[in-house]
Amino acid sequence: EEDLLTDVCREVVERWSDSQVVDAKEEKEDEVQAITSMMEKQARIVVKPREVSQEEKQRKAALLAQYANVTDEEEYPFVCTAWGSVNIGSEKSLFRNTNVEDVLNARKLERELLRDEFQKKKEQDKLQREKDKLAKQERKEKEKKRTQKGERKR
């Protein structure tokens, strides 16, 4: 019986190993098939060239011409001031740069807000000083009355 058992075990192992080899071959064939199908799909995809209108071509040419023709005066078109940089040659450009204006307006608005806040705080401090002064005066009057009562009792 032991010989029969070992024969059966050997046969099971052989069949199992044969099936594993067949599965591995099928997996490789599936991978190869998947790769070839992907490559075929990619080959079928055709990229259409972008159609550029005449207007876009002219705009691009004008921009390139603008940047190609830089003179000594235009080389540094920004002037630095205490408030920031200001563009001098803006009438020559095709597009208007509003970044500087936006920054200057934001700073101006911030200064105004800070000024308003300072003014409010100043007024609040003034009112608080007046309240403190009145409270101090009332304390003095109470102390004065208390001392007068004490002197009367003597």
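Note that these values count all heavy atoms, side chains included, but never hydrogens, waters or copies made by symmetry. Just so it is clear, the model here is predicted, and its values are computed rather than measured. Along the sequence shown, the residues carry numbers beginning at 1.
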message = Distance check, rounded to the nearest 0.5 Å: Glu130 atom CD versus Leu127 atom CG?
response = 6.0 Å
message = For a side-chain contact (heavy atoms from CB on, under 4.5 Å) check, start with the C-alpha distance between Ile35 and Met39, then their side-chain angles and the critical distance, and finish with the verdict.
response = CA-CA 6 Å; Ile35 291 172; Met39 291 174 69; 3.9 Å; yes
key: Pairwise side-chain contact, Asp132 with Gln128, heavy-atom cut-off 4.5 Å (strictly under)   = yes
ask   = Out of Gln124, Arg129, Glu123, which one pairs with Lys126 under the side-chain contact (heavy atoms from CB on, under 4.5 Å) rule?
value = Arg129
task = Report yes if the side chains of Arg10 and Val13 come closer than 4.5 Å at any heavy-atom pair, otherwise no.
result = no
inquiry  = Checking the side chain of Thr98 only, and the main-chain atoms of Glu101 only, is there a donor and an acceptor separated by less than 3.5 Å?
reply    = no
task = Mind checking the NZ-CD spacing from Lys60 to Glu56? Nearest 0.5 Å is all I need.
result = 10.0 Å
remark   = In this structure, CZ of Arg107 is separated from CD of Glu110 (nearest 0.5 Å) by 9.0 Å
task = Look at Glu138 together with Lys142 and state whether they make a salt bridge at an N to O cut-off of under 4.0 Å.
result = no
Asp116: partners by salt bridge (charged side-chain N to carboxylate O under 4.0 Å, His left out), with sequence neighbours left out = none
remark   = Rounded to the nearest 0.5 angstrom, the NZ-NZ distance for Lys122 and Lys120 is 15.5 Å
message = Contact between Lys133 and Lys136 at the side-chain level, heavy atoms closer than 4.5 Å - yes or no?
response = no
Approximate separation, where rounding is to 0.5 Å, of Lys149 NZ and Lys145 NZ = 8.0 Å
key: Pairing of Glu143 and Arg146 as salt bridge, 4.0 angstrom limit   = yes
key: Atom pair NZ (Lys140) and NZ (Lys144), whose distance is rounded to the nearest 0.5 Å   = 10.0 Å
